[in-house]
Amino acid sequence: MILYESNGITVRKLEIKDQKHLVSWLNDPLVLTYYEGRDRPHDLEMIKENFYTNDEEEKRCLIEYNHKPIGYIQFYLIDEETSKKFGYYDLNETIYGTDQFIGETKYWNQEIAKQLMKSMIG
């Protein structure tokens, strides 16, 4: 299920077939340097446990660029306590947290993540 498309970026719901991409990305030492840590490579069981549990609170998605899978993004509603912890005191606002990474390193430094975040909040 596609959540949105903008400037060649597609964000769609994570599917079972995407496990192979996550395993590949989360075994790349360069990616792990910035996401989870170099000493935490993920095997298929870890991928299933961390990305495919039935958590209604988190929206887990695959990022595609020009129809090629290149990364992962998840977003979730921030509760009142966490909002205050980070200095957001206007409780009339809806605030989301997000985690993301570009797993295909050849797409790094092309401002794709910047475009992604602008399109997510814009």
Side-chain angles (χ1 to χ4, degrees):
M1 170 209 250
I2 293 176
L3 298 180
Y4 80 89
E5 294 179 281
S6 175
N7 295 323
I9 298 172
T10 302
V11 175
R12 64 169 174 78
K13 223 173 149 182
L14 198 61
E15 300 173 0
I16 295 296
K17 69 180 182 178
D18 300 322
Q19 290 176 357
K20 65 183 177 197
H21 300 299
L22 291 168
V23 168
S24 173
W25 299 332
L26 293 176
N27 277 282
D28 182 328
L30 284 174
V31 175
L32 289 173
T33 299
Y34 300 101
Y35 191 89
E36 293 291 329
R38 288 179 294 199
D39 61 342
R40 287 218 47 199
H42 285 53
D43 61 17
L44 184 57
E45 288 308 311
M46 287 177 73
I47 294 296
K48 288 178 182 178
E49 182 180 313
N50 293 325
F51 294 90
Y52 289 89
T53 57
N54 193 10
D55 185 346
E56 298 283 325
E57 301 296 315
E58 292 180 357
K59 304 300 181 215
R60 298 177 176 138
C61 303
L62 194 83
I63 304 163
E64 295 179 346
Y65 187 69
N66 293 329
H67 308 290
K68 178 178 180 9
I70 65 161
Y72 173 81
I73 187 167
Q74 65 185 22
F75 53 97
Y76 41 88
L77 190 60
I78 299 292
D79 63 26
E80 182 177 323
E81 181 181 331
T82 305
S83 293
K84 288 179 180 177
K85 179 180 172 182
F86 289 103
Y88 299 104
Y89 295 101
D90 183 355
L91 300 178
N92 293 320
E93 288 186 301
T94 302
I95 300 172
Y96 284 87
T98 183
D99 307 297
Q100 69 281 324
F101 64 88
I102 303 296
E104 294 292 334
T105 57
K106 68 182 179 181
Y107 289 90
W108 286 10
N109 300 314
Q110 297 183 32
E111 298 199 359
I112 295 169
K114 184 177 180 180
Q115 290 176 27
L116 169 70
M117 294 314 297
K118 281 184 174 182
S119 62
M120 289 287 291
I121 61 174

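These numbers were taken from a predicted model, which means no experiment stands behind them. One is the number of the first residue; the rest follow in order along the sequence.
Side-chain contact between Leu3 and Met1 is present, with at least one heavy-atom pair separated by less than 4.5 Å. Looking at heavy atoms from C-beta onward, Ile95 lies out of side-chain contact with Leu77 at the 4.5 angstrom threshold. Residues Lys85 and Ile78 are not in side-chain contact: their nearest non-hydrogen atoms beyond the backbone lie 4.5 Å or more apart. Between Gln19 and Lys48 the shortest side-chain heavy-atom distance falls below 4.5 Å. The shortest side-chain heavy-atom distance between Tyr72 and Tyr35 falls under the 4.5 Å cut-off. Looking only at side-chain heavy atoms (C-beta outward), Gln110 and Trp108 stay at 4.5 Å or farther from each other. Counting only heavy atoms from C-beta outward, the side chains of Asp43 and Glu45 approach each other to under 4.5 Å.
Interatomic distance, CD1 of Ile73 versus CG of Leu62, reported as 11.0 Å (0.5 Å rounding). If you take CD1 on Ile70 and CD on Glu64, they are separated by 9.0 Å, rounding to the nearest 0.5 Å. How far OG of Ser119 is from NZ of Lys114: 13.0 Å, rounded to the nearest 0.5 Å. For the atom pair NE2 (His21) and CG (Leu26), the distance works out to 12.5 Å, reported to the nearest 0.5 Å.
Both Tyr76 and Phe86 belong to a single network of hydrophobic side chains, linked directly or stepwise wherever heavy atoms of I, L, V, M, F, W or Y lie under 4.5 Å apart. Both Tyr34 and Leu30 belong to a single network of hydrophobic side chains, linked directly or stepwise wherever heavy atoms of I, L, V, M, F, W or Y lie under 4.5 Å apart. Residue Ile102 is grouped with residue Leu32 when hydrophobic side chains (ILVMFWY) are merged at heavy-atom distances under 4.5 angstrom, including chains of intermediate members.
Salt bridge Lys84/Glu80: present, at least one basic N to carboxylate O contact under 4.0 Å. For the pair Lys106 and Glu104, the salt-bridge criterion is not met [side-chain N within less than 4.0 Å of a carboxylate O]. Look at Arg12 and Asp18 and you find a salt bridge, because one of the NZ, NE, NH1 or NH2 atoms lies within 4.0 Å of a carboxylate O, short of that distance.
Between the side chain of Asn27 and the backbone N or O of His42, at least one donor-acceptor pair lies under 3.5 Å. A side-chain donor-acceptor contact under 3.5 Å links Ser83 to the backbone of Asp79. Looking only at distances, no side-chain donor or acceptor of Thr98 sits under 3.5 Å from a matching main-chain atom of Phe75.
Atom CG of Asn109 sits in a sparse spot, with 12 or fewer heavy atoms from other residues, nucleotides or ligands closer than 6.0 Å.
Under 3.5 Å, the side chains of Asn7 and Gln115 contain no donor-acceptor pair of N or O atoms.
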